[in-house]
2 protein chains.
Amino acid sequence: MRLTPLQQEFVLHFGEMGSRWGINRTVGQIYALLFLSEQPLNAEQITTALGVSRSNTSMGLKELQAWSLVRLRHLPDDRRDHFTTPDDLWEIVRTLVAERKKREIDPTLTKLRELEMQGPRGDNYAESRIAELRELIETMTGFYEEMEKLETERLVQLMTLGSRLRGVLETGRSLNPFAKSKKGRAASKGK
Amino acid sequence: MRLTPLQQEFVLHFGEMGSRWGINRTVGQIYALLFLSEQPLNAEQITTALGVSRSNTSMGLKELQAWSLVRLRHLPDDRRDHFTTPDDLWEIVRTLVAERKKREIDPTLTKLRELEMQGPRGDNYAESRIAELRELIETMTGFYEEMEKLETERLVQLMTLGSRLRGVLETGRSLNPFAKSKKGRAASKGK
DNA sequence: CAGTAATTTCTGAAACAACAGATATTCCTT
DNA sequence: AAGGAATATCTGTTGTTTCAGAAATTACTG
């Protein structure tokens with residue numbers, strides 16, 4: 001398989017960013033390639049397109065599956081595994097956030113609760129600091145869980161509220177500019 | 001400097017999590033130690049408390065400064081640098097998010113725009129996929145910028161909206177349960 | 001403008017991660 | 001059950017990261 005110049009550049013960028021994202025170059029490249037590929041690709045195609053070893057591709061795909069970032073597809077009359085990324089980008093974001101939370105936040109939240117369970121140990125400052133941190137993480141993960149429940153449509157609606165966000169948070173103010181409220185019709189210009 | 005058992009356990013946990021957070025063990029430990037320390041600490045104290053080399057401490061502090069995660073403090077009659085973390089945890093979160101965005105998102109957004117600037121190249125699927133990704137990132141960073149502008153109080157208010165979040169997004173519904181609206185007082189049962 | 005304390009940078013060793021090629025396993029076909 | 005295609009795992013090599021200790025630099029003190 002041969003890449004177009006556009007695909008090439010995109011793939012190389014994702015490879016370079018890999019290390020910042022906590023994955024290796026090959027994993028980044030495989031993901032980028034699948035992301036830009038209209039058809040699902042098999043391991044062989046990925047290997048030749050990226051010019052990496054077959055084994056490297058295999059490990060990369062395994063890692064991407066552990067992240068639930070690729071899906072397996074089977075084509076008729078072909079028993080090779082073919083891989084794609086979801087068409088819906090918001091679904092990809094949801095997956096990414098969920099996985100990162102699972103790996104980067106949850107273990108710490110568990111540990112903090114564990115430390116608190118062991119009861120007061122007379123280390124007052126540290127204890128209060130830990131409690132505060134736990135509360136903050138709980139607040140944030142609680143918010144995350146609420147957002148996770150929203151359908152994509154509502155989520156986008158929330159994200160594109162823009163400057164109206166501030167207004168919504170002021171008690172008594174409605175999101176509907178036509179609702180009965182003195183300040184109701186503020187801020188209406190979208191992008 | 002000698003650590004209490006509570007500090008010890010917390011510090012070790014942050015060290016272990018370091019690799020998942022994209023920092024090394026020592027950096028994680030230094031941060032954890034400073035986080036639990038009521039007084040600012042100097043490099044020497046950190047070194048003995050963690051049992052690492054002086055040079056390692058120096059590199060770790062440099063890295064934490066690059067992340068803007070620690071602040072420098074000078075005590076009277078002492079020319080050594082002393083380090084602390086902010087008292088306000090929300091400030092820490094803001095810093096973390098801002099830095100991660102800068103390192104993990106912005107370069108890719110720039111690259112995507114760059115690719116689009118090079119104009120259509122007849123690679124239709126890839127082009128539309130890239131445009132879609134850029135739009136999504138712009139939506140998310142736009143939302144982030146709005147949240148960044150909120151004072152902490154409002155931010156916490158937003159995050160603790162809970163199930164009312166859904167209600168707020170339904171056009172015409174006010175955040176104020178007493179506002180005049182037929183559906184106004186719906187959605188009050190918690191989890 | 002020495003002398004010394006504090007900090008940073010250099011150096012090499014050890015641990016770890018990434019990778020290609022070879023070998024082994026799985027799973028389908030007949 | 002044998003053959004063969006697809007995939008996964010093992011093995012050794014290369015590259016990278018982490019770290020301590022040494023050397024160099026910087027920044028104060030008298």
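Since the model is a prediction, treat every value here as computed from it, not as a measurement.
Residue contacts for A:Arg79: at a heavy-atom cut-off of 4.0 Å it reaches a base atom on one of the strands shown. Within the 4.0 angstrom heavy-atom criterion, only backbone atoms of the sugar-phosphate kind lie near A:Asp81; the bases stay farther away.
Atom pair A:Arg54:CZ and D:dA5:P shows a separation of 14 Å (rounding to whole Å applied). At whole-Å resolution of the value, CG in B:Asp78 and P in D:dA27 are 17 Å apart. When rounded to the nearest whole Å, the span between CE of A:Met59 and P of D:dC10 equals 10 Å. Following rounding to the nearest Å, B:Arg80 (CZ) and D:dT29 (C1') show an atom-to-atom distance of 15 Å. Rounding to whole angstrom units, CD of residue A:Gln45 and P of D:dA6 are separated by 11 Å. Remark: P of D:dA20 and CG of B:Leu50 are 10 Å apart, rounded to the nearest angstrom.
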Full working for side chain to side chain contact (heavy atoms under 4.5 Å, CB included) between B:Thr4 and A:Arg121: CA-CA 9 Å; B:Thr4 68; A:Arg121 309 205 220 176; over 6 Å; no
From CA spacing to verdict: side chain to side chain contact (heavy atoms under 4.5 Å, CB included), B:Leu64, B:Ile23: CA-CA 9 Å; B:Leu64 286 171; B:Ile23 56 178; 5.7 Å; no
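Looking at A:Thr108 and B:Arg20, their side chains never bring a donor and an acceptor atom within 3.5 Å of each other. A donor atom on one side chain and an acceptor atom on the other are found under 3.5 Å apart for A:Thr57 and A:Thr47.
Salt bridge absent: B:Glu116 and B:Arg113 never bring a charged side-chain N and a carboxylate O closer than 4.0 Å. The residues B:Arg166 and A:Glu151 are annotated as salt-bridged, a charged nitrogen and a carboxylate oxygen being separated by less than 4.0 angstrom. Using a 4.0 Å cut-off between charged side-chain N and carboxylate O, B:Glu138 and B:Arg134 make a salt bridge. The existence of a salt bridge linking A:Arg71 and A:Glu91 is confirmed by a sub-4.0 Å separation between a basic side-chain nitrogen and an acidic carboxylate oxygen.
Non-hydrogen atoms lying under 4.0 Å from DNA chain D are contributed by B:Asn24, B:Arg25, B:Thr26, all within residues 10-28 of chain B.
A close approach under 4.0 Å does occur between a side-chain nitrogen or oxygen of A:Lys62 and OP1 or OP2 of D:dT9.
Of all nucleotides in DNA chain C having an atom under 4.0 Å from a heavy atom of chain A, the first and last in 5' to 3' order are C:dA18 to C:dC28.
Using the six-membered ring where Trp is involved, A:Trp21 and A:Phe14 have ring planes that are perpendicular, over 60° apart on the 30 and 60° scheme.
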